[in-house]
Participant: 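After the structure tokens below, expect a handful of questions from me.
Everything numeric in this text was worked out from a predicted model, so none of it was measured.
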Amino acid sequence: MKKKLTLTVLLLLLTGCGVAQADAPGVPPTNQMQGAPLPETTTTLPDLSFLNTTTTQPKPKPQPVTIQPQTGEPSEAQWTALAYCESGNRHDYPPVSGGFSGLLMFHNATWNGYGGQEYAPQAWQASRAQQIEIALRLWRVRGWQPWPGCRAKLGFS
């Protein structure tokens, strides 16, 4: 809106602030002070297309994270089974009611509490590897407890 207003003001200034208005359709505009038709003029406007350009910085691509689980920690197969159970293995699963999203259905508070903000504002916006890294941090503190339904279904204890 601001660009359009600026462009309109600029065009009015460039054309000498003259705004001609037709009295009726098909009737040439008149000089209202004298009642005489206005002379036909041709106005050449400068190219102002550069005003419509916007510059955006490309969003940096997140770097892939390699997870090295410690002895006794969940395997990649366990994370994949949990991911299929929680989200159908979709790392970009959008938020559902209650604020859960992503590969392992992180709650926003849990995502933030375990450092997910270093990758993305919400889990569904982070890569699969990044989500599993946050899940591993969570698992080290709480085990499989944050995923009660799938924990029972998959037999994780």
Side-chain angles (χ1 to χ4, degrees), residues 1-22 24-25 42-157:
M1 178 70 178
K2 190 174 180 179
K3 281 186 180 182
K4 288 183 181 178
L5 181 60
T6 304
L7 185 57
T8 303
V9 169
L10 187 57
L11 289 174
L12 287 174
L13 289 174
L14 289 172
T15 59
C17 296
V19 178
Q21 188 174 13
T42 303
T43 304
T44 303
L45 299 176
D47 178 17
L48 300 175
S49 62
F50 66 90
L51 292 175
N52 292 328
T53 61
T54 57
T55 58
T56 57
Q57 296 296 326
K59 187 175 180 181
K61 300 242 181 207
Q63 298 300 317
V65 178
T66 304
I67 301 170
Q68 297 296 329
Q70 304 299 317
T71 303
E73 290 186 342
S75 66
E76 181 63 30
Q78 286 175 301
W79 287 124
T80 300
L82 183 63
Y84 272 104
C85 181
E86 290 287 335
S87 68
N89 201 31
R90 284 189 52 198
H91 79 279
D92 61 346
Y93 201 96
V96 297
S97 64
F100 295 89
S101 71
L103 184 72
L104 302 170
M105 288 296 160
F106 283 99
H107 188 272
N108 289 334
T110 304
W111 178 254
N112 294 333
Y114 284 86
Q117 285 279 325
E118 63 190 74
Y119 298 120
Q122 294 183 357
W124 69 279
Q125 297 166 315
S127 72
R128 181 182 197 284
Q130 291 166 340
Q131 290 182 51
I132 290 177
E133 181 180 328
I134 301 303
L136 184 57
R137 292 178 192 174
L138 175 59
W139 183 90
R140 287 176 179 157
V141 175
R142 298 176 58 194
W144 296 113
Q145 184 272 333
W147 302 280
C150 290
R151 172 186 74 200
K153 183 177 179 180
L154 297 170
F156 296 165
S157 53

Participant: Compare every heavy atom of Pro121 with every heavy atom of Asn112, then report the nearest pair and how far apart it is.
Facilitator: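 Closest heavy-atom pair between Asn112 and Pro121: OD1-O, 3.9 Å.
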
Participant: List the steps and the verdict of side-chain contact (heavy atoms from CB on, under 4.5 Å) for Trp139 and Gln78.
Facilitator: CA-CA 12 Å; Trp139 183 90; Gln78 286 175 301; over 6 Å; no

Participant: Does the pair Trp144 and Leu154 meet the rule for a side-chain contact (heavy atoms from CB on, under 4.5 Å), with working shown?
Facilitator: CA-CA 11 Å; Trp144 296 113; Leu154 297 170; over 6 Å; no

Participant: Looking only at heavy atoms, which two atoms of Pro94 and Arg90 are closest? And how far apart?
Facilitator: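 The pair with the smallest heavy-atom distance is CD-NH2, 3.7 Å.
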
Participant: Is a donor on one side and an acceptor on the other found under 3.5 Å between the side chain of Gln131 and the backbone of Ala123?
Facilitator: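 The answer is yes, because a donor-acceptor pair under 3.5 Å joins these two groups.
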
Participant: Got a second to check how far Gln130's CD is from Ser127's OG, nearest 0.5 Å?
Facilitator: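 The CD atom of Gln130 sits 3.5 Å away from the OG atom of Ser127.
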
Participant: Quick check on side-chain contact (heavy atoms from CB on, under 4.5 Å): which of Leu103, Leu104, Ile132 does Leu82 satisfy it with?
Facilitator: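 Running side-chain contact (heavy atoms from CB on, under 4.5 Å) over Leu103, Leu104, Ile132 with Leu82 returns exactly one hit, Leu104.
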
Participant: Does Pro95 offer a backbone N or O that forms a donor-acceptor pair with the side chain of Gln122 under 3.5 Å?
Facilitator: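 Not a single qualifying donor-acceptor pair exists.
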
Participant: Drop me the distance from Ile134's CD1 to Tyr114's OH, to the nearest 0.5 angstrom.
Facilitator: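 Going from CD1 on Ile134 over to OH on Tyr114, the span is 11.0 Å.
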
Participant: Please report the shortest heavy-atom distance between Met105 and Ser87, naming the atom on each side.
Facilitator: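 Nearest pair, atom of Met105 first, then Ser87: CE-CB, 4.1 Å.
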
Participant: Is the backbone N or O of Ser101 less than 3.5 Å from a side-chain atom of Trp111, with the two atoms forming a donor-acceptor pair by type?
Facilitator: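 Here the side-chain-to-backbone pair does not exist.
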
Participant: Phe106 vs Phe100, test: side-chain contact (heavy atoms from CB on, under 4.5 Å). Steps then yes/no.
Facilitator: CA-CA 5 Å; Phe106 283 99; Phe100 295 89; over 6 Å; no

Participant: How far does CD of Gln145 sit from CZ of Arg151, to the nearest 0.5 angstrom?
Facilitator: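 Gln145 atom CD to Arg151 atom CZ measures 6.5 Å (nearest 0.5 Å).
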
Participant: For Cys85 versus Lys153, what's the shortest heavy-atom pair and its separation?
Facilitator: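 Closest heavy-atom pair between Cys85 and Lys153: SG-CD, 3.9 Å.
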
Participant: Please name the pair of heavy atoms, one in Ala120 and one in Ala126, separated by the smallest distance, quoted to 0.1 Å.
Facilitator: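 Shortest heavy-atom contact: CB-N, 3.8 Å.
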
Participant: Between the side chains of Glu133 and Tyr119, does any donor sit under 3.5 Å from an acceptor?
Facilitator: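 Yes - a donor-acceptor pair under 3.5 Å links their side chains.
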
